[in-house]
Amino acid sequence: MVETPVLSARGVVKCYNDGRHPIEVLSGLNLTVMSGDWLAIVGASGSGKSTLLNLLGGLDAPDVGEVVVSGRLLTDMSERERSLWRNQNLGFVFQMHHLLPEFSALENVAMPARIGGVTKTAAEERALHLLDQLNLSARATHRPAALSGGERQRVAIARALINEPSCVLMDEPTGNLDPATAEQVLVAMQAFHRYETAFVVVTHDPDIANRMDRKLTLASGRLEGQ
């Protein structure tokens, strides 16, 4: 039986217009991510890494080509269907944690599960279990303003994992952190490497990239393997 990729991009082209003429950022890019992959994407600033991550997550659409998540073509779905599919199959961790300030760490983590239809009790039980795995159970009732930078990013990782997605997409998850705090976040990421969830991490941090199982470089609109 042939294993189906959890995420794939085929012949993806993305252009932007600078007001005078289109600029091609991605040029027929291909990517295959299998279950449990531990993948870093590196590249120069402006090479299109964040653009690629937005396309992989269905937050933007390619001009040409296709992105398939857990067997479904994203452009074949309505916006509502795409949102629900993302909720169940993808997790996101951004450079800025994007936690909701009026909610506790526990409530922030539980929110994607609640959106997906899980009961409040079950969602919070699952969220507390994840926070405990990330050594944050003592901070569960604290709001983001009362948490350190590393704690906020670990909460964001727990939130990304709450629905047991097939793939987690990370955009510079340690970009705003000092080295010691970045190490905490990296250890938290590695704690979940034993699961079948795939991780795709866009990063400028060589320490993160070198610890991943696979590293690809985005250059001239395409991914080069290493």
- Electrostatic pair Asp171-Lys49, nearest N-O below 4.0 angstrom: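 Judged by the 4.0 Å cut-off on N to carboxylate O distance, Asp171 and Lys49 do not form a salt bridge.
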Atom [atom1] in [X], atom [atom2] in [Y]: separation rounded to 0.5 Å?
X	Y	atom1	atom2	result
Leu99	Gln153	CG	CD	8.0 Å
Glu172	Leu53	CD	CG	10.0 Å
Asn108	Phe103	CG	CZ	7.5 Å
Leu31	Ile41	CG	CD1	5.5 Å
Asn163	Arg114	CG	CZ	12.0 Å
Asp213	Leu39	CG	CG	9.5 Å

Under a 4.5 Å cut-off applied to non-hydrogen side-chain atoms, are [X] and [Y] in contact?
X	Y	value
Val6	Met34	no
Leu56	Leu7	yes
Gln133	Leu130	yes
Arg159	Met111	no
Lys120	Glu125	no
Cys167	Leu169	yes
Lys215	Val42	yes
Val12	Asn30	no

Write down the atom of [X], the atom of [Y], and the distance for their closest heavy-atom approach.
X	Y	result
Thr75	Pro62	CG2-CD, 4.5 Å
Ala140	Leu128	CB-CD1, 4.0 Å
Gly58	Arg86	O-NH1, 2.8 Å
Arg154	Asn135	NH1-O, 3.9 Å
Ser70	Asn89	OG-OD1, 3.1 Å
Asn87	Gly116	OD1-CA, 3.4 Å

- Would Glu196 and Ser35 satisfy side-chain hydrogen bond (donor to acceptor under 3.5 Å, both in side chains), going step by step from the backbone distance to the final call? CA-CA 6 Å; Glu196 288 303 304; Ser35 178; 3.0 Å; yes
- I would like to know whether Val68 and Arg10 meet side chain to side chain contact (heavy atoms under 4.5 Å, CB included); could you show each step before the answer? CA-CA 8 Å; Val68 177; Arg10 298 193 282 257; 3.4 Å; yes
Same cluster (ILVMFWY, side-chain, under 4.5 Å), [X] and [Y]:
X	Y	result
Ile115	Leu90	no
Val202	Phe94	yes
Val201	Trp38	yes
Leu73	Val64	no
Val69	Leu223	yes

- Query: Taking atom types as modelled and ignoring hydrogens, do the side chains of Thr141 and Ser104 form a donor-acceptor contact shorter than 3.5 angstrom?
  - Reply: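 On atom types as modelled, these side chains do not qualify, holding no pair under 3.5 Å.
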- For the residue pair Arg80 and Ser83, confirm or rule out a side-chain donor-acceptor distance under 3.5 Å.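 The answer is no; no qualifying pair exists.
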- Short question: side chain of Arg222, backbone of Ser27 - any donor-acceptor pair under 3.5 Å?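 Yes, Arg222 side chain to Ser27 backbone: donor-acceptor pair under 3.5 Å.
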- Would Glu124 and Leu106 count as a side chain to side chain contact (heavy atoms under 4.5 Å, CB included) if you check the C-alpha gap in whole Å, the side-chain angles of each, and the deciding distance to 0.1 Å? CA-CA 7 Å; Glu124 291 190 351; Leu106 180 66; 4.2 Å; yes
- Message: Run the salt bridge (charged side-chain N to carboxylate O under 4.0 Å, His left out) test on Glu224 and Arg214 for me, step by step, so that the C-alpha distance in whole Å, both residues' side-chain angles and the decisive distance to 0.1 Å come before the verdict.
- Response: CA-CA 11 Å; Glu224 301 170 356; Arg214 189 157 59 114; over 6 Å; no
- Begin with the C-alpha distance, continue with both residues' side-chain angles, and end with the deciding distance and a verdict on side chain to side chain contact (heavy atoms under 4.5 Å, CB included) for Met170 and Phe199. CA-CA 8 Å; Met170 294 184 160; Phe199 283 78; 3.7 Å; yes
- Item | Derivation and outcome, side chain to side chain contact (heavy atoms under 4.5 Å, CB included), residues Leu147 and Arg139 | CA-CA 8 Å; Leu147 303 175; Arg139 310 292 279 165; 3.7 Å; yes
- Passes salt bridge (charged side-chain N to carboxylate O under 4.0 Å, His left out), Asp207 versus Arg211? Steps please. CA-CA 6 Å; Asp207 191 35; Arg211 293 199 208 183; 2.9 Å; yes
- Task: Any chance you could lay out the side-chain hydrogen bond (donor to acceptor under 3.5 Å, both in side chains) test for Thr32 and Ser8, step after step, and finish with the verdict?
- Result: CA-CA 4 Å; Thr32 300; Ser8 64; 5.8 Å; no
